[in-house]
Peer 1: 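One structure follows; several queries about it will come next.
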Amino acid sequence: MERTGSRRFFIAIGIQALILAVLGMSLLLTYRNGSEVLLAVQPVDPRDPLRGDYITFSLKDVSRISLEGKTFRWRKGEDVYVSLVSDGKYMRSGDVSKKKPEGKTIFLKGTIENASDKSISVKYGIEEYFIPEGIGRNLSFWDKDVSAKVAIDKDGKAVLKQIYIDDKAWP
């Protein structure tokens, strides 16, 4: 009886470890093999006393999207696919759809956080960047050109690779 209980315990632990390994592998594959794009960033908050040093930011021209000319009804919590187009140095939002784009289009998959008749606010899961402790205390982004290098896989899942301040890798 004791052997059966311990066997079940180790099987349960093994399944959980396997799930974590698969999730980690998925992020690693996106990081290594995803299409790299540069997105303009607008920092929001460099420090939280409970969570430590990190940057919360919105992606300029990608986090808030105008719905001018769009006929869909958008609701909070819906998945959305945002095609990216080049706009000089950075990428910006192009077409917005409820369906995954076909072809070789680079796009982000996100979730609608807020929706109105005129615009939607979208979260992509890459809006926070944790930084080494102590660096965020005296940091100010407000007068800087801040951008993020992001790797995107074929399903629109993104992984944040690097933050740049005035075109220099940071930290």
Side-chain angles (χ1 to χ4, degrees), residues 23-70 74 76 78-97 100-101 103-116 118-171:
L23 290 173
M25 207 52 168
S26 171
L27 292 173
L28 181 62
L29 287 173
T30 299
Y31 186 89
R32 289 183 51 119
N33 302 328
S35 300
E36 288 185 1
V37 299
L38 196 60
L39 301 170
V41 166
Q42 180 175 346
V44 176
D45 183 16
R47 179 146 175 82
D48 181 325
L50 299 176
R51 293 173 47 188
D53 291 344
Y54 73 100
I55 305 167
T56 299
F57 54 82
S58 67
L59 303 167
K60 289 182 186 174
D61 304 319
V62 181
S63 289
R64 179 163 300 291
I65 302 167
S66 171
L67 296 177
E68 198 170 310
K70 306 282 191 268
W74 304 91
K76 180 178 180 175
E78 281 185 311
D79 286 340
V80 64
Y81 296 90
V82 179
S83 297
L84 299 176
V85 295
S86 181
D87 189 19
K89 181 177 173 182
Y90 303 115
M91 300 293 271
R92 64 169 175 79
S93 62
D95 290 335
V96 181
S97 174
K100 182 177 166 181
K104 296 190 178 211
T105 303
I106 296 176
F107 62 92
L108 287 168
K109 180 182 180 185
T111 304
I112 297 175
E113 190 171 57
N114 291 306
S116 71
K118 297 184 181 195
S119 68
I120 56 174
S121 177
V122 181
K123 284 278 196 181
Y124 301 99
I126 55 172
E127 289 84 6
E128 291 185 343
Y129 185 74
F130 290 87
I131 56 178
E133 191 156 339
I135 290 179
R137 288 186 204 278
N138 301 317
L139 189 60
S140 173
F141 293 107
W142 306 114
D143 58 345
K144 311 273 191 224
D145 178 33
V146 184
S147 59
K149 184 193 306 182
V150 176
I152 305 169
D153 72 5
K154 62 181 175 37
D155 295 319
K157 183 174 55 178
V159 175
L160 185 62
K161 290 185 87 167
Q162 181 70 56
I163 297 289
Y164 294 92
I165 299 176
D166 293 333
D167 296 325
K168 293 181 183 142
W170 180 85

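All residue numbers in this chain count up from 1 along the given sequence.
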Peer 1: In a check of side-chain contact (heavy atoms from CB on, under 4.5 Å) between V150 and each of L160, L59, V41, which one passes?
Peer 2: L160

Peer 1: Restricting to non-hydrogen atoms, name the atom on I65 and the atom on S93 that form the minimum distance, rounded to 0.1 Å.
Peer 2: CG1-OG, 4.1 Å

Peer 1: So, D79 and K109, do they make that salt bridge, N to O below 4.0 Å?
Peer 2: yes

Peer 1: At what distance, to the nearest 0.5 angstrom, does OG of S86 lie from CZ of R92?
Peer 2: 9.0 Å

Peer 1: If we ignore hydrogens and angles and just use 3.5 Å, is the side chain of E78 paired with the main-chain N or O of K76 as donor and acceptor?
Peer 2: no

Peer 1: Nearest 0.5 Å, please: how far is CD in E128 from OG1 in T56?
Peer 2: 4.0 Å

Peer 1: Using modelled atom types and a 3.5 Å cut-off, is there a donor and acceptor pairing between side-chain atoms of Q162 and backbone atoms of W170?
Peer 2: yes

Peer 1: Going by side chain to side chain contact (heavy atoms under 4.5 Å, CB included), name the residues that satisfy it together with S66, two or more places apart in sequence or in a different chain.
Peer 2: E68

Peer 1: Donor-acceptor pair, D155 side chain versus K157 backbone, under 3.5 Å?
Peer 2: no

Peer 1: If I take atom OG from residue S116 and atom CG from residue L67, how far apart are they, to the nearest 0.5 angstrom?
Peer 2: 6.5 Å

Peer 1: Is a side-chain N or O of Y124 found less than 3.5 angstrom from the main chain of V62, in a donor-acceptor match?
Peer 2: yes

Peer 1: What are the two closest non-hydrogen atoms of K161 and A151, and how far apart are they?
Peer 2: CD-CB, 3.7 Å

Peer 1: Walk me through whether V146 and Q42 qualify under side chain to side chain contact (heavy atoms under 4.5 Å, CB included).
Peer 2: CA-CA 7 Å; V146 184; Q42 180 175 346; over 6 Å; no

Peer 1: For D153 and N33, what are the C-alpha separation, side-chain angles and deciding distance, and is it a side chain to side chain contact (heavy atoms under 4.5 Å, CB included)?
Peer 2: CA-CA 7 Å; D153 72 5; N33 302 328; over 6 Å; no

Peer 1: Which heavy-atom pair separates T105 from S83 by the least distance, and what is that distance?
Peer 2: CG2-OG, 3.6 Å

Peer 1: Could you work out, with side chain to side chain donor-acceptor pair (under 3.5 Å) as the rule, every residue matching D145, not counting sequence neighbours?
Peer 2: K89, Y90

Peer 1: Would you name the heavy atoms of P101 and Y81 that are closest together and state the gap between them?
Peer 2: CD-CB, 3.7 Å

Peer 1: With rounding to the nearest 0.5 angstrom, report the CG to CG distance, D87 to L39.
Peer 2: 11.5 Å

Peer 1: Looking at R64, I'd like to know if its CZ atom is crowded, meaning that more than 12 non-hydrogen atoms belonging to other residues, nucleotides or ligands lie closer than 6.0 Å.
Peer 2: no

Peer 1: Can you tell me how far the CD1 atom of I120 sits from the CD1 atom of I112, to the nearest 0.5 Å?
Peer 2: 4.5 Å

Peer 1: Taking all atoms of both residues into account, what is the closest heavy-atom pair of D166 and K144, and its distance?
Peer 2: OD2-CD, 3.3 Å

Peer 1: What's the separation between atom NZ in K123 and atom CG in N114, rounded to the nearest 0.5 Å?
Peer 2: 10.0 Å

Peer 1: For V80 versus W74, what's the shortest heavy-atom pair and its separation?
Peer 2: CG2-CZ3, 3.5 Å

